[in-house]
Amino acid sequence: MKNILTFLALALLLISCEDVVEVNLVEAQPRLVVDAALQWKKGTTGEEQTIRLSRTRGFFEQEPVTVSNANIIVIDANGIAFNFEEQNPGEYVTQNFAPEIDMDYTLSIEVDNQFYTAAETLKPVVPIDSIQQNNEGGFGGEDIELKAFYTDPAEIENYYLFKFFVPFAAFPEFEIYDDEFNDGNSIFGLYSDEGLEPGMEIAIENHGVSEAYYNFLNILLAQAGSAGGPFETEPATVRGNISNSADEDELIFGYFSLSEVDEVLYTIEE
């Protein structure tokens with residue numbers, strides 16, 4: 001009984017000695033976030049396109065901070081302008097975009113008396129030729145592995161962004177490729193995951209992207225895949241191609257890109 005009382009007394013003493021530590025987090029200045037990836041899927045007109053604007057939010061904020069009342073215009077090299085109208089908070093849509101392969105486009109955004117611009121070229125993409133499934137893939141030989149084959153055009157620099165949409169993931173898996181060592185050959189985008197099961201429908205997209213966008217994604221994906229150990233170097237700031245006309249030092253998150261896209265729906269086999 002004495003031991004029990006002694007234990008309770010010590011427990012009460014420890015509880016009474018606990019202090020509430022308040023951590024004062026220094027919040028960074030909100031940054032503009034621009035989601036301006038215009039995509040032209042093969043077999044469609046590509047007339048409907050969407051651009052989304054938001055701002056970075058504080059650590060304890062749950063809801064996204066959308067940006068309304070902006071003026072957004074995309075202009076092609078021929079001077080044809082496409083206006084994006086706000087349909088929902090922070091979501092701007094055009095219904096008459098005219099995609100053209102290898103056409104140069106300029107993005108202009110006016111918001112809160114600030115002007116932002118970016119320039120990019122709409123890049124073509126080759127179709128996905130076939131899907132090959134291997135049920136003994138992955139490092140352990142126990143995962144389902146998919147290879148999406150495509151034929152790279154010869155003697156032309158090409159850059160590719162593959163997206164794999166699976167039902168158990170909130171976001172697609174991204175993989176990027178160039179043709180430096182595979183020019184003119186049949187090559188493939190690769191995806192493997194232990195969560196793949198027979199009967200699942202997977203959407204596989206191949207996007208043609210510019211060299212600049214490829215380099216941007218290469219840095220971004222490398223940082224996202226870093227383990228972040230105690231001896232890791234501090235990640236470099238990844239800048240997109242969108243800039244403030246009056247303040248080149250302002251950091252804007254996002255990228256203005258244009259891609260032709262080929263999509264294949266594949267059902268996992270037994």
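These numbers come from the heavy atoms of this one structure, side chains and all, not from hydrogens, waters or symmetry mates. Computed from a predicted model, the values in this text were never measured in an experiment.
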Measure the spacing between [atom1] of [X] and [atom2] of [Y] and express it to the nearest 0.5 Å.
X      : Y      : atom1 : atom2 : answer
Glu250 : Ser245 : CD    : OG    : 10.5 Å
Ile128 : Thr151 : CD1   : OG1   : 11.5 Å
Tyr213 : Tyr255 : OH    : OH    : 8.0 Å

Check Lys41 with Glu205, please: is the shortest side-chain N to carboxylate O separation under 4.0 Å?
yes
Is the distance between the ring centroids of Tyr150 and Tyr160 under 6.0 Å?
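Ring centroids of Tyr150 and Tyr160 are less than 6.0 Å from each other.
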Residue from Trp40, Phe84, Phe82 passing ring pair (Phe, Tyr, Trp, His ring centres under 6.0 Å) with Phe97
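Single ring pair (Phe, Tyr, Trp, His ring centres under 6.0 Å) partner of Phe97 among Trp40, Phe84, Phe82: Phe82.
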Holding to side-chain contact (heavy atoms from CB on, under 4.5 Å), I want the full list of residues that pass it with Asp249, two or more places apart in sequence or in another chain.
Asp247
Have [X] and [Y] got a donor and an acceptor in their side chains that come within less than 3.5 Å?
X      : Y      : result
Ser68  : Glu86  : yes
Asp104 : Thr106 : no
Ser210 : Glu120 : yes

Test item: [X] side-chain N/O and [Y] main-chain N/O as donor-acceptor pair under 3.5 Å:
X      : Y      : answer
Asp183 : Glu155 : yes
Asn244 : Ala246 : yes
Gln95  : Glu47  : no
Asn78  : Ile80  : no
Asp179 : Asn158 : yes

Let's go through Phe162 and Phe174 carefully: what are the C-alpha distance in whole Å and the side-chain angles of both, what is the deciding distance for ring pair (Phe, Tyr, Trp, His ring centres under 6.0 Å) to 0.1 Å, and is it a yes or a no?
CA-CA 6 Å; Phe162 266 86; Phe174 289 76; over 10 Å; no
Stepwise salt bridge (charged side-chain N to carboxylate O under 4.0 Å, His left out) test for Glu173 and Lys163
CA-CA 6 Å; Glu173 178 79 11; Lys163 295 182 182 180; over 6 Å; no
List for me each residue that meets side chain to side chain donor-acceptor pair (under 3.5 Å) alongside Tyr266, sequence neighbours excluded, and say none if there are none.
Gln133
Checking Asp143 now: which residues fulfil side chain to side chain donor-acceptor pair (under 3.5 Å) with it, not counting sequence neighbours?
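For Asp143 there are no side chain to side chain donor-acceptor pair (under 3.5 Å) partners, ignoring immediate neighbours.
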